[in-house]
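Because the structure is predicted, anything quoted here is derived from the model rather than measured.
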Amino acid sequence: MAQEHNHPPIALGSAVRGFVDRVAGRRRGRLAASDVAASAYPARRPGRRLVSAVLAGTLLNPLNSSMIALVLVLIQSDFRVSMATASWLLSGFAMAAAVAQPLMGRLADLFGPRRIFCIGLLLVGVASVLAPRAPAFGWLIACRMLQACGTSAAYPAGLAIIRAGDPQGQAPAGTLGAINITSSVSVALGPVLGGFLVARTGWPAIFLVNVPITAVGLMLAWHWLPADVTPGRATLGAAPSRLAVVRAVLRRVDVPGMVLFSGMLASFLAFLLSLSGSPRWPLLLVALLAAALLVRRERGVVEPFLNVRMLAANRPLIGVYAQFAGVNIVLYAVFFSLPLWLERVRGFDSGMAGLLLLPVAGVGILATPVAARLISSSGPGPALITGAGLLTIGSLLLLVCNATTPVSVLLAIGVVLGIPNGFNNLGLQAALYEHAPSQHMGAAGGQFQTFRYVGAILSTSLLGLAFGTTVTSHGLHLIAYVLACISGLLLVASITTRRLRRVRGE
């Protein structure tokens, strides 16, 4: 999930700036002369207050993505549901975020980014207060989905605010680097913070901890983010009434496209989760039908929710999205399965399980500057090959995990799994900059984030299939085999893409 960190080290900022500038240079070679001139303006670095306010909001999404893994066992016990059912807390959040990321970006363009940024924080606060009072498991899932919608506003709205400060400048490399670092820090601290809170006050604490964070975020946003320019007729058209404004907004956000996309994901996920018992094949047909209708509709829409025309005309971009989804299947499957296994099989409490998971995300922070320098000097190819190779090795190492595996070995496996995070995330972002058309960069970036959550959704279905009603070492090993296969395919794709680039002389 690409979010940020307050003030990255100078070494990281310069390293990330190098690879962004390198990628921007490659893109300028393929742009028209007018685009070259527009991108030649030096970027003005966003003020520290503005960046800090944006970061306060963007850390919520990765934090809530990782904290939940520590309480699934407790929630499953309290609500008396199966592990496959409990995994809807993970997949529901990811599914809502997959739809909400581009939607919130579109709403930020229509109504102003600061408004949407603040509304998102309010939604997180409301959902976090209501979740501990959920009378049934379905209500808890609904609160998680509302929470996902709220946390999804900060990233697109924050980028819009930063971009508005320097419309013609190049991407602020230090700020983009901070986005990656904050994402890694939030993911890393999520299990530790969640484990600490749960061990002392129970599972509601992982929701209530959001309340003070959102309060601080709202205060910073209100005082430090620039005021929005009121949307004019150029944005919504000459709307003579509120009803006309609502119709214009609904047309611009492509509600039918969102419904079809959501239906496709939900039905496909429900089908995958049913495979652990009696497969519900009609759900697969519903998913395929929704996908066909989605493609047919989006091809004829001026402002589609899913820009299938751009994808059809840009196969390398499809490859970037597919690799990003694959990387996130592995990442989220590890983050969701290991805490369950550590608590149920190894008998660790939530706090200790969170600490043992820290290397998986924490080491990625240390690997990010190395990855940035490698991308700056050699492009995204070597970084992606390195990341996929280490991800394959780390996935296979999960096969040694059993009820007697020493803690030192578990920590070492976490280190190996953590290193690829920086290489894959930065490498794929650089590849996105290379392959996305300049005139569609906003849409491409939104869809890039959507595929992150597609990977997260598929990872939760893998958990339901492997663990079913009981968490076992055998189930973890099954997950390891699947992740090793996915990582191996990512490695082959990265090597093949690099060879094709060499043949073409790129």
Side-chain angles (χ1 to χ4, degrees), residues 1-2 23 26-27 30-31 94-95 97-99 101-102 105 156 254 257-258 260-262 264-265 268-269 287-288 290-332 375 379-385 387-388 391 423-459 485-504 506:
M1 307 161 207
V23 171
R26 291 176 179 175
R27 284 187 52 77
R30 297 195 298 267
L31 298 177
M95 188 167 62
V99 176
Q101 283 276 351
D254 187 21
M258 286 191 297
L260 288 171
F261 182 77
S262 302
M264 178 187 68
L265 287 182
F268 185 60
L269 176 61
L288 294 174
L293 292 175
L294 176 67
V295 171
R296 181 177 179 180
R297 171 182 167 76
E298 300 300 85
R299 286 173 63 92
V301 176
V302 177
E303 295 184 82
F305 173 79
L306 186 68
N307 197 333
V308 295
R309 287 176 296 179
M310 179 182 68
L311 292 176
N314 195 333
R315 290 186 179 181
L317 187 60
I318 296 177
V320 172
Y321 288 163
Q323 284 182 268
F324 196 51
V327 165
N328 282 284
I329 291 175
V330 179
L331 174 64
Y332 280 102
I375 295 169
L384 293 176
I385 292 172
L391 211 57
F423 287 87
N424 288 324
N425 286 333
L426 283 181
L428 287 169
Q429 286 190 41
L432 175 70
Y433 269 87
E434 286 191 345
H435 296 301
S438 58
Q439 68 273 24
H440 295 302
M441 180 58 75
Q447 290 180 179
F448 186 70
Q449 291 301 317
T450 295
F451 277 84
R452 173 193 297 277
Y453 295 107
V454 168
I457 291 169
L458 294 176
S459 74
C485 290
I486 294 173
S487 301
L489 291 174
L490 290 172
L491 179 59
V492 171
S494 299
I495 294 174
T496 303
T497 301
R498 181 164 173 77
R499 286 179 177 174
L500 289 175
R501 288 170 60 89
R502 284 181 174 178
V503 170
R504 294 170 183 169
E506 297 182 6

State, to 0.1 Å, how close [X] and [Y] come at their nearest heavy-atom pair, and which atoms those are.
{"X": "Pro382", "Y": "Gly379", "value": "CD-O, 3.5 Å"}
{"X": "Ser494", "Y": "Gln323", "value": "OG-NE2, 3.2 Å"}
{"X": "Phe305", "Y": "Ala98", "value": "CZ-O, 4.3 Å"}
{"X": "Val320", "Y": "Ala431", "value": "CG2-CB, 3.8 Å"}
{"X": "Ala430", "Y": "Ile375", "value": "CB-CG2, 3.9 Å"}

Does [X] reach the side chain of [Y], with side-chain heavy atoms less than 4.5 Å apart?
{"X": "Pro156", "Y": "Gln101", "value": "yes"}
{"X": "Phe324", "Y": "Leu432", "value": "no"}
{"X": "Arg299", "Y": "Pro304", "value": "no"}
{"X": "Phe448", "Y": "Leu428", "value": "yes"}

**Asked** What residues, two or more places apart in sequence or in another chain, satisfy side-chain hydrogen bond (donor to acceptor under 3.5 Å, both in side chains) together with Asp254?
**Response**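 Residues passing side-chain hydrogen bond (donor to acceptor under 3.5 Å, both in side chains) with Asp254: Arg297.
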Exercise. Quick one: side-chain hydrogen bond (donor to acceptor under 3.5 Å, both in side chains) partners of Ser459, sequence neighbours excluded?
Worked result: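 Counting only residues at least two positions away or on another chain, Ser459 forms no side-chain hydrogen bond (donor to acceptor under 3.5 Å, both in side chains).
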side-chain contact (heavy atoms from CB on, under 4.5 Å) partners of [X], counting only residues at least two apart:
{"X": "Leu293", "value": "Leu260, Leu289"}
{"X": "Leu491", "value": "Ile385, Ala388, Ile495"}
{"X": "Ala94", "value": "Tyr453, Ala456, Ile457"}
{"X": "Ala290", "value": "Met264"}

So, taking the atom named [atom1] in [X] and the one named [atom2] in [Y], what distance separates them when rounded to the nearest 0.5 Å?
{"X": "Thr450", "Y": "Phe261", "atom1": "OG1", "atom2": "CZ", "value": "5.5 Å"}
{"X": "Asn424", "Y": "Leu490", "atom1": "CG", "atom2": "CG", "value": "7.0 Å"}
{"X": "Leu331", "Y": "Asn425", "atom1": "CG", "atom2": "CG", "value": "7.5 Å"}
{"X": "Thr497", "Y": "His435", "atom1": "OG1", "atom2": "NE2", "value": "7.5 Å"}

Quick check on Arg309: does its CZ atom have over 12 non-hydrogen neighbours (other residues, nucleotides or ligands) under 6.0 Å away?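 More than 12 heavy atoms, drawn from other residues, nucleotides or ligands, come within 6.0 Å of this atom.
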List in chain and number order the residues that pass ring-ring contact (aromatic ring centres under 6.0 Å, His included) with Phe268, two or more places apart in sequence or in another chain; answer none if no residue qualifies.
->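 Once residues adjacent in sequence are excluded, Phe268 has no partner under the ring-ring contact (aromatic ring centres under 6.0 Å, His included) criterion.
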